[in-house]
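Letters A, B, ... mirror the listed sequences (proteins, then strands); counts begin at 1.
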Amino acid sequence: MREMDSYIARSLWQDRMFACLGVLCTVFGLAALCALLVKLALDGASRIDWQFFFSYPSRHASRAGILSAWVGTLVVMSVTFCTAIPLGIAAGIYLEEYARKNWLTHIIEVNIANLAGVPSIIFGLMALGLLVYLLHLGQSVLAAGLTLGFLVLPIVIVATREALRAIPTEIREASYALGASKWQTVWHHLLPYASGGIATGVIIAMSRAIGETAPLITIGALTFIAFLPPSPVSPSPPFLSLDWLHSAFTVLPIQMFNWVSRPQQEFHLNAAATGLVLIVFTLSLNALAIIIRYRMRRRIKW
Amino acid sequence: MQDQYLLENRAGDAPVLETSAASPAHLTRLKRVRWREWPIEMLLFGAAGFSILINVGIVGTLIYESLVFFRHVSLWDFLTDPLWTPLFADPHYGILPLLCGTVMTSLIALAVAVPVGTIIALYLSEFASPWVREAIKPVLELLSAVPTVVFGYFALLFMTPLLQKFIPDLPGFNMLSAGLVMGIMIIPYVSSLSEDAMQAVPMLLREGAYACGANRLTTALRVVFPAALSGIGASYILAISRAVGETMIVAVAAGMQPNLTWNPLKGAATVTAYIVQVSLGDLPHGSIGYQTIFAAGLALFLLTLVFNILGHLLRRRFREVY
């Protein structure tokens, strides 16, 4: 009996020890995240003011700002959004609702899985050889936006497929039973139900694209840009112009990389401030995605 | 049996319609609807097939530009020359120093991410209450959402000064701090995917272990871990592939000097950092320096491809078991 007791005591002690180790490792991960945020905030907060947001980069660290960088991020993201979202959702719908189980579908799936695993810098090389030189897009907003769009395409596809797969087959059958065609079923029933999951994936994809640096450096994004892309609307006819697509650009992460790789300490402060802006962007997007996912799980019960 | 029916049903073209006994007029209407929707299906198919185009673009570009490179440099030199100095007056094109940097930083990163990530996964899956698990997992995943250039800043200006307190003669650019920070970045890849794999282990196995008198730790290590091994392995391989392809952390914190050394306290360029370094300069399109980045990129692509295929095979096994 005593042996039994000591065995149980030892077992429980082992459990408790490992639980402590687990908590320790978890805290290590969380502490690293906190240290990162605190370090950025301590270094960068002093540089954040209106002047910083509305000045161009400069040789003088204290006068430099991120105007061209955040405008660049905005325009590149709009191209990425318009590429990755329609393509990704359409591909997801096809693979989940239309595709037959044959070799072609299998090839497409393998390709998407491979795209998801290719390092981002390889997308940059592809864009450099193909978009910049072969298609003569130049080192432009369009080339950058397309590159990032291709990069995040698998995220959108996978999110769309998972959202569609979660919808019970009964919904589809009910729709067919009432005489709806395949597309009517997808458009009126499946997409609305899947919208939460798709939105989560889209947000994650955009937050990934905002922080991506390497592929844009590879296509030769200039780091010193003291002008803005031409405005898409103009007061004289034809009122709308697409010149901004062909403009040179810089984005927030590239601006940050430029500043952090300089030896002077003052530029490091600028880098920290840029990083702070960047991280606030991406983390709030991610938080939004988590909230949507959480609310969706509570609301929809099949 | 019913599941089989449903699967077939979803894979085809709404076959429910065809099974109903319909008049010929009704059937022609159905056919017309299907014909009218044909362009939509083709459009969706085109979107899905676009991924093939992107892959062809990637492989085509890399091979095309590398072929030009290998006309100047023999494959043997590329793989065995211990020097990588393509931009010097006396150029050498040996990929070994760059691969060495990549392997060293990745090994350091894995030495952090694999044990820490696995322990977190075991803890969250087998020890923590569901409430804790649901709260911790998304927060940890934020670690992999942080832009990598921000991690680079963190490595250069936080981790390196911190390490220099313990190792006084550590240079400003070193593989150790880049690798450590990279390890922190890939913790969530290991922990989240491993935890998913452990959650997929049937409860019966755990109950069996408990009934035999095993405690939680023994159950976790001897029952759940082996049962989820292929999923856990897939998460390790994803982590490796991320570490090998990671660019900005090493470009900022490990320096850009190709260096054939196994000493983690030194700085060294990785394959990715070299590509960044060349891209920052103004190399004319078509020069040999320009083509070196495609040769380096091809080496990187093949490396990650091997790991991706391995991971894919492991994941497939994992799916078959349950």
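Under a cutoff of 6.0 Å and an axis angle of 45°, Lys39(A) and Phe154(B) do not form a cation-pi pair.
Taking Ile93(A), Leu278(A), Leu134(A) one by one and counting their heavy-atom pairs under 4.5 Å with chain B, the maximum is reached by Leu278(A). Per-residue heavy-atom pair counts under 4.5 Å with chain A were compared for Ile187(B), Thr148(B), Ile293(B), Leu156(B), and the maximum is reached by Ile293(B). For the set Leu24(A), Val186(A), Leu115(A), Leu104(A), the count of heavy-atom pairs under 4.5 angstrom toward chain B peaks at Leu115(A). Ranked by heavy-atom pairs under 4.5 Å with chain B, the first of Asn114(A), Leu30(A), Ile290(A), Leu95(A) is Asn114(A). When each of Val181(B), Val278(B), Val146(B) is checked for heavy-atom pairs under 4.5 Å with chain A, Val146(B) comes out on top. Looking only at heavy-atom pairs under 4.5 Å with chain B, the residue among Ala271(A), Ala289(A), Ala214(A) that has the most is Ala214(A). Ranked by heavy-atom pairs shorter than 4.5 Å toward chain A, the options Ile52(B), Thr247(B), Thr272(B) are led by Ile52(B). With chain A as the partner, the residue from Ile184(B), Ile40(B), Val116(B) showing the most heavy-atom pairs under 4.5 Å is Ile40(B). Note: Asn55(B) leads Val244(B), Asn55(B), Leu62(B), Leu217(B) in heavy-atom pairs under 4.5 Å with chain A. The candidate with the highest count of non-hydrogen atom pairs below 4.5 Å against chain A, out of Pro147(B), Ser191(B), Gly245(B), is Pro147(B). With respect to chain B, the highest number of heavy-atom pairs below 4.5 Å among Leu21(A), Ile157(A), Leu153(A) belongs to Leu21(A). Interface remark: of the candidates Leu130(A), Leu283(A), Leu128(A), Leu128(A) forms the most heavy-atom pairs closer than 4.5 Å to chain B.
Salt-bridge formation is detected for the pair Arg208(A)/Glu212(A): a Lys NZ or Arg NE/NH1/NH2 atom is positioned less than 4.0 Å from an Asp or Glu carboxylate oxygen. Between Arg161(A) and Glu96(A) there is a salt bridge, since at least one side-chain N of the basic residue sits less than 4.0 Å from a carboxylate O of the acidic one. Between Glu41(B) and Lys182(A) no salt bridge is recorded (no basic side-chain N to carboxylate O distance below 4.0 Å).
Scanning both residues, Ala155(B) and Ala253(B), for their nearest heavy atoms gives CB-CB, 3.6 Å.
Contact of Ala116(A) with chain B is made through the backbone alone, with heavy-atom distances under 4.5 Å. Residue Val23(A) touches chain B through both its backbone and its side chain, counting heavy-atom pairs closer than 4.5 Å. Interface remark: Leu143(B) contributes backbone and side-chain atoms alike to the contact with chain A (heavy atom separation under 4.5 Å). Heavy-atom distances place both the backbone and the side chain of Phe45(B) under 4.5 Å from chain A. With a threshold of 4.5 angstrom between heavy atoms, Ala127(A) does not approach chain B through any atom at all. Neither the backbone nor the side chain of Phe281(A) has a heavy atom closer than 4.5 Å to any heavy atom of chain B. Proximity to chain A is limited to the side chain of Glu134(B), based on heavy atoms less than 4.5 angstrom apart. Ile136(B) touches chain A through its side chain: at least one heavy atom from C-beta onward sits under 4.5 Å away, while N, CA, C and O do not. Leu305(B) touches chain A through its side chain: at least one heavy atom from C-beta onward sits under 4.5 Å away, while N, CA, C and O do not. Neither the backbone nor the side chain of Ser261(A) comes within less than 4.5 Å of any heavy atom of chain B. Interface remark: Met256(B) contributes side-chain atoms only to the contact with chain A (heavy atom separation under 4.5 Å). Contact of Arg242(B) with chain A is made through the side chain alone, with heavy-atom distances under 4.5 Å.
Centroid-to-centroid, the aromatic rings of Phe150(A) and Phe50(B) come within less than 6.0 Å. Remark: aromatic rings of Tyr133(A) and Tyr290(B) are close, center separation under 6.0 Å.
No side-chain N or O of Asn215(B) forms a donor-acceptor pair with one of Tyr210(B) less than 3.5 Å apart. If you check the side chains of Asn286(A) and Ser207(A), you find a donor sitting under 3.5 Å from an acceptor. Donor-acceptor pairing under 3.5 Å is recorded for the side chains of Glu141(B) and Ser192(B). When only modelled atom types and interatomic distance are considered, Ser181(A) and Glu37(B) share a side-chain donor-acceptor pair under 3.5 Å.
Residues passing the side-chain hydrogen bond (donor to acceptor under 3.5 Å, both in side chains) test with Thr61(B): none are found, sequence neighbours excluded.
Relative orientation of the Phe18(A) and Phe127(B) rings is tilted, given thresholds of 30° and 60° on the angle between their planes.
Counting heavy atoms from C-beta outward, Met256(A) and Tyr153(B) have side chains that approach closer than 4.5 Å.
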